[in-house]
Amino acid sequence: MQSILVVEDEQDLVELLQFNLRAAGFDVQVAQNGADALIAASERTLDLVLLDLMLPDLPGTEVCRKLKASPRTRGIPVIMVTARGEEVDRVVGFELGADDFVTKPFSMRELLLRVKAVLRRGPGGNDAEQPRTAVGEVRIDLDSHRAYVGGAEVDLTALEFKLLHNFMARAGRLQTRETLLRDVWGISSNLQTRTVDTHVKRLREKLGDGREMIETVRGAGYRMVDPQEA
C-alpha cells in the first residue's frame with residue numbers, strides 16, 4: 001500500500017483528505033505543521049507528500065526546499081496545495097522541485113487523478129512513457145536525483161534536473177517552449193517563454209561536453225539528440 005503524508009493545518013480538510021485517500025487505497029499520515037512534516041518524512045517510508053503552502057510555523061516552500069535538499073527525502077514526490085493561484089507561486093514551487101501544484105478549492109476527483117499521475121511517474125511506476133536514464137555521455141540517477149556527464153557528477157538544481165529528465169525522456173523529439181512550460185514548470189504558456197531560454201542556457205553550461213546535445217530548433221524550441229543515433 002502506498003503511503004501519503006498530508007501536511008495541512010485545516011482540520012476539516014485533513015479529515016476530508018484522509019477519508020478520500022484511504023477510500024482510494026492509500027495509507028495516510030498527517031502532519032499539521034512543517035516541523036512535524038520534516039520529522040515524519042525522515043522517519044517513515046513515504047511515496048508522496050501533499051504539502052500546503054500556508055502552515056503555522058514554516059512556509060510550505062521552505063518545507064519543500066528541506067525535503068529536496070536531504071538525500072533521505074529528495075526522491076519523494078511533492079504536490080503543493082495552496083489557496084493562492086498566482087503563477088509566481090507555481091514558479092517558486094517548481095524551482096524548488098515540486099512535482100505538481102493544486103490550487104484550493106479543488107475537486108477531490110482532480111486531486112486523486114493528480115496524485116495517481118505523479119505516483120506513476122515515480123520510481124517503479126508503469127507510465128506509458130518510460131524515461132531514458134542515459135543519452136550519449138549524459139546519465140541521470142532518478143533515485144538519488146544526480147546527473148553525470150562522462151562519469152563526472154554535475155551539480156544541478158531540482159528544476160534543472162527535471163528539465164534534463166524531460167529532455168532525456170523525449171530524446172530526438174522537438175520540445176516547444178510552451179510544452180516545456182507545461183510539462184516542467186506546470187504553468188500555462190502566457191508566462192514569458194524567456195524563462196525556458198534562461199534555464200536551458202544554464203543547463204547547457206553545466207553539461208559541459210554534453211551541451212551540444214541540446215539543440216535549438218529555430219523558431220520552435222529545443223531538442224535533445226543522441227550522438228549515437230544522429
Side-chain angles (χ1 to χ4, degrees), residues 61 64-65 67-69 71 73-80 87-101 114 117-118 120-123 125 127-150 152-227 229-230:
T61 50
C64 184
R65 187 191 68 77
L67 288 173
K68 295 301 181 180
T73 58
R74 63 165 56 125
I76 304 173
V78 175
I79 296 180
M80 286 188 168
E87 296 249 300
V88 65
D89 294 322
R90 298 174 69 91
V91 172
V92 170
F94 285 111
E95 286 275 7
L96 293 171
D99 296 84
D100 204 349
F101 197 105
R114 287 178 178 268
V118 169
R120 281 199 303 271
R121 297 200 298 264
D127 208 356
E129 185 172 46
Q130 292 296 324
R132 294 176 62 172
T133 57
V135 178
E137 292 295 308
V138 179
R139 179 175 64 86
I140 58 175
D141 186 322
L142 295 176
D143 291 334
S144 64
H145 275 229
R146 292 178 175 176
Y148 305 85
V149 177
E153 185 171 356
V154 181
D155 184 20
L156 301 181
T157 66
L159 184 70
E160 290 165 350
F161 184 90
K162 190 171 184 178
L163 181 60
L164 178 60
H165 183 191
N166 182 278
F167 275 129
M168 295 177 71
R170 300 171 182 176
R173 294 161 54 183
L174 170 67
Q175 300 297 300
T176 66
R177 292 173 176 83
E178 290 76 14
T179 298
L180 289 168
L181 280 171
R182 182 194 68 208
D183 295 345
V184 177
W185 280 261
I187 54 183
S188 58
S189 60
N190 58 8
L191 188 73
Q192 291 184 356
T193 53
R194 181 59 61 183
T195 297
V196 175
D197 297 332
T198 299
H199 282 84
V200 170
K201 180 177 182 291
R202 291 175 185 168
L203 177 60
R204 279 173 166 161
E205 291 172 350
K206 291 186 177 183
L207 290 180
D209 293 341
R211 63 181 300 161
E212 299 302 324
M213 294 171 59
I214 300 179
E215 295 182 340
T216 299
V217 181
R218 188 177 298 277
Y222 298 94
R223 176 174 54 230
M224 188 171 198
V225 296
D226 188 339
E229 299 177 359

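Bear in mind the structure is a predicted one, so any value in this text is a computation, not a measurement.
A search for side-chain hydrogen bond (donor to acceptor under 3.5 Å, both in side chains) contacts involving Glu160 returns Thr157, Lys206, not counting sequence neighbours. Judged as a side-chain hydrogen bond (donor to acceptor under 3.5 Å, both in side chains), and not counting sequence neighbours, the contacts of His199 are Glu95.
At least one side-chain heavy atom of Arg170 sits less than 4.5 Å from a side-chain heavy atom of Asn166. Counting heavy atoms from C-beta on, the side chains of Val196 and Val200 come closer than 4.5 Å. Contact check for Leu180 versus Phe167: side-chain heavy atoms found under the 4.5 Å cut-off. Contact check for Ile140 versus Met168: side-chain heavy atoms found under the 4.5 Å cut-off. The side-chain heavy atoms of Tyr222 and Arg177, taken from C-beta on, include a pair separated by under 4.5 Å. No side-chain heavy atom of Glu137 sits under 4.5 Å from any side-chain heavy atom of Leu207.
Ala147 approaches Leu156 most closely through the heavy-atom pair CB-CD1, 3.6 Å. Taking both residues in full, the closest heavy atoms of Pro227 and Gly136 are given as CD-CA, 4.1 Å, listed atom of the first, atom of the second, then distance. Taking each heavy atom of Lys68 and Leu96 in turn, the nearest pair found is CG-O, 3.3 Å. Summarising the geometry of Cys64 relative to Ala98, their closest heavy-atom pair is SG-N, 4.1 Å, with the distance given to 0.1 Å. Nearest heavy-atom pair across Ile76 and Asp99 is O-OD1, 4.4 Å.
Exactly one of Asp141, Val154, Leu142 qualifies for a side chain to side chain contact (heavy atoms under 4.5 Å, CB included) with Phe161. That residue is Leu142.
Rounded to the nearest 0.5 Å, atoms CG (Leu164) and CE (Met224) are 5.5 Å apart.
With 3.5 Å as the limit, one finds a donor-acceptor pair spanning the side chains of Thr216 and Arg204. Under the 3.5 Å distance criterion, with hydrogens and angles disregarded, no donor-acceptor pair is assigned to the side chains of Arg223 and Gln175.
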**Study point:** From CA spacing to verdict: side-chain contact (heavy atoms from CB on, under 4.5 Å), Val135, Met213
**Key:** CA-CA 9 Å; Val135 178; Met213 294 171 59; 3.4 Å; yes
